[in-house]
Amino acid sequence: MKTRFYGAVLTAVALLTSTACTASHDAASPESKAGGGGTRTVRPVAGCGTGAWTDPADLSPTRTPARCDSGAPAPHPLAKPRKLTIATGTLSAEYVAPLQVALEKGEFKKEGLDVTLKVLPTPDSLPLLAKGDIDALWAAPEAAVMNGVRGGFDIRWVAANFSPDPKSKSGLWVRLKDGESGDRVKMAGRRMGTMIGKGSVIAYPMEKALGRHGGGLDEIRYQQLGSADVLTALQNGGVDSAWLLDPVWRTVDGKPGYAFLGGQPLGEPLGGMLYGPGLLNDDVDAGVALLRAYIRTVNTYFAADYKTDATFVTYLAKLLKTDEAVLRSTPSLRMDWEIRAGTTDRLQAAYRAQGVAEGESLPESKTVDRALYEEAVGHRP
């Protein structure tokens with residue numbers, strides 16, 4: 001069943017299809033303007049060796065994320081400074097920390113970029129991104145994004161954000177009924193509380209978790225709730241299950257009557273940076289520069305378990321305007337700029353199961369572009 005949400009997105013798609021451009025790495029064009037991986041010269045980058053790239057087909061949960069040396073890749077300032085706007089749904093979530101740190105530490109400025117982070121929901125951002133009113137979106141390839149690309153938006157997922165630590169229990173939690181245990185739960189027919197609703201990237205890990213417990217995405221009932229209400233509804237019986245994020249899950253962890261059924265796959269990021277036609281086609285130099293600053297920030301400040309550095313956690317809590325004790329209560333995220341092979345295929349399959357996908361699945365060539373981050377670290381495909 002189509003919702004008003006996706007109807008609105010598709011209406012915007014129809015209005016903006018005429019502005020869409022062809023994909024950035026399909027056709028030859030001058031190096032200084034556009035053209036993508038096939039036309040741009042990729043040179044070795046100091047401090048970014050063989051560990052700066054991993055095979056996209058490697059889906060191992062124990063895969064070590066790509067890394068360069070601290071401070072690498074070094075800045076390569078643009079000949080002409082560029083103002084960029086990145087939309088994000090929040091500025092306080094931990095997964096936004098690399099952007100916040102890059103801005104505060106001047107990593108964007110080192111590239112000749114004047115970056116503004118603008119809080120804007122993904123549905124509102126998509127038409128603006130496709131039209132060029134904003135330059136990038138820090139979000140995820142949700143169903144709305146896939147439907148927008150299918151309708152003509154020239155948008156690609158160009159860099160990832162993170163995967164969870166193995167100790168994290170951010171994900172699907174359930175209230176156990178009499179006779180049930182964590183490995184014996186029947187999910188079909190249960191009501192799930194979520195602040196996202198249908199069409200989010202969590203559909204993919206939810207489908208995996210539900211499949212292990214006698215349910216499916218089309219066999220549960222969704223109840224969309226505010227972020228402050230999801231846990232309360234689970235605790236008072238208003239819903240039978242809920243998707244609990246960091247650090248909310250710690251409230252029920254270890255308590256009788258609750259079980260964790262699964263979360264985001266280890267080693268597989270499900271979100272990150274999305275580019276529109278401006279950075280994909282018209283100013284690829286700026287697109288690479290933006291990712292170079294982001295990658296350098298990860299390598300310098302988030303390369304390993306950054307929460308072992310008490311001073312940095314204090315700094316991060318102030319920057320994100322969040323409680324320091326809350327930030328310390330969950331494991332560090334595994335920051336990861338690389339996109340795994342087939343992720344958007346798996347996401348689209350989950351969206352179809354929820355009934356929010358339009359038409360046939362899009363091939364990865366229409367949804368993902370790894371060439372910009374590969375150029376930033378000097379990897380030749």
Side-chain angles (χ1 to χ4, degrees), residues 1-10 87-90 93-96 119-126 129 137-150 155 157 160-164 168 170-174 187 190-211 215-231 233-234 239 241-246 248-249 261-265 268-274 333 339-340 343-358 361-362 367-368:
M1 177 182 289
K2 299 177 183 177
T3 65
R4 291 182 180 179
F5 172 81
Y6 293 98
V9 170
L10 291 174
T88 174
T90 178
E94 191 173 340
Y95 67 85
V96 189
V119 176
L120 201 63
T122 297
D124 297 336
S125 301
L126 287 176
L129 182 62
L137 173 59
W138 189 251
E142 298 174 347
V145 175
M146 297 294 100
N147 288 338
V149 172
R150 186 175 294 103
I155 294 172
W157 185 19
N161 51 11
F162 76 93
S163 62
S168 175
S170 172
L172 181 60
W173 285 80
V174 63
M187 289 298 296
R190 299 215 184 191
R191 180 182 291 108
M192 176 181 291
T194 169
M195 65 180 186
I196 308 273
K198 291 185 177 181
S200 165
V201 291
I202 66 169
Y204 160 41
M206 273 196 340
E207 185 175 43
K208 294 169 68 72
L210 291 170
L217 292 173
D218 60 343
E219 296 179 278
I220 58 173
R221 293 172 291 164
Y222 298 88
Q223 184 167 335
Q224 193 164 355
L225 300 166
S227 59
D229 301 323
V230 174
L231 176 62
L234 180 65
V239 295
S241 59
W243 190 270
L244 302 180
L245 302 175
D246 289 330
V248 178
W249 58 266
L261 302 187
Q264 178 177 330
E268 184 177 11
L270 300 181
M273 194 79 80
L274 304 173
L333 301 179
I339 300 169
R340 300 293 87 196
T343 296
T344 56
D345 296 331
R346 291 182 284 277
L347 289 173
Q348 289 179 92
Y351 300 150
R352 284 198 303 275
Q354 284 188 322
V356 294
E358 302 290 334
S361 289
L362 294 163
T367 60
V368 173

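One distance of note links CG of L261 with NZ of K208; it measures 14.0 Å at 0.5 Å rounding. The CE atom of M192 sits 12.0 Å away from the NZ atom of K198 when rounded to the nearest 0.5 Å. Between D229 atom CG and Q223 atom CD the span is 9.5 Å, to the nearest 0.5 Å. Note that the OG1 atom of T88 and the OH atom of Y95 stand 5.5 Å from one another [nearest 0.5 Å]. Atoms CH2 and CD1, from W157 and I339 in turn, are 5.0 Å apart once rounded to the nearest 0.5 Å. Rounded to the nearest 0.5 Å, atoms OG1 (T344) and CG (L362) are 8.0 Å apart.
Closest of all the heavy-atom pairs between S200 and E142 is CA-CG, 4.3 Å. What you find for L270 and P141 is that their closest heavy atoms are O-CD, 3.4 Å. Considering every non-hydrogen atom in both Q354 and G199, the closest pair reads OE1-N, 2.9 Å. For the residue pair A143 and V356, the shortest heavy atom distance occurs at CB-CG2, 3.9 Å. Across every non-hydrogen atom of T122 and A139, the tightest pair is OG1-CB, 3.6 Å. Residues S125 and A87 share a closest heavy-atom pair of OG-CB, 3.5 Å.
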**Item:** Test log, rule side-chain contact (heavy atoms from CB on, under 4.5 Å), inputs L126 and L137
**Value:** CA-CA 8 Å; L126 287 176; L137 173 59; 4.1 Å; yes
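In terms of modelled atom types and a separation under 3.5 Å, the side chain of D246 and the main chain of P164 share no donor-acceptor contact. Side-chain N or O atoms of W138 include none that pairs as donor or acceptor with a backbone N or O of N161 at under 3.5 Å. Using modelled atom types, one side-chain atom of Q264 and one backbone atom of F162 make a donor-acceptor pair closer than 3.5 Å. For Y222 (side chain) and L217 (main-chain N/O), a donor-acceptor pair under 3.5 Å exists by modelled atom type.
The shortest side-chain heavy-atom distance between L210 and I220 falls under the 4.5 Å cut-off. Side-chain contact between D345 and S361 is absent, with no heavy atoms from C-beta onward closer than 4.5 Å. Looking at P265 and P205, their side chains come closer than 4.5 Å, going by heavy atoms from C-beta outward.
None of V145, L347, T343 except one satisfies the side-chain contact (heavy atoms from CB on, under 4.5 Å) rule with V201; the exception is L347.
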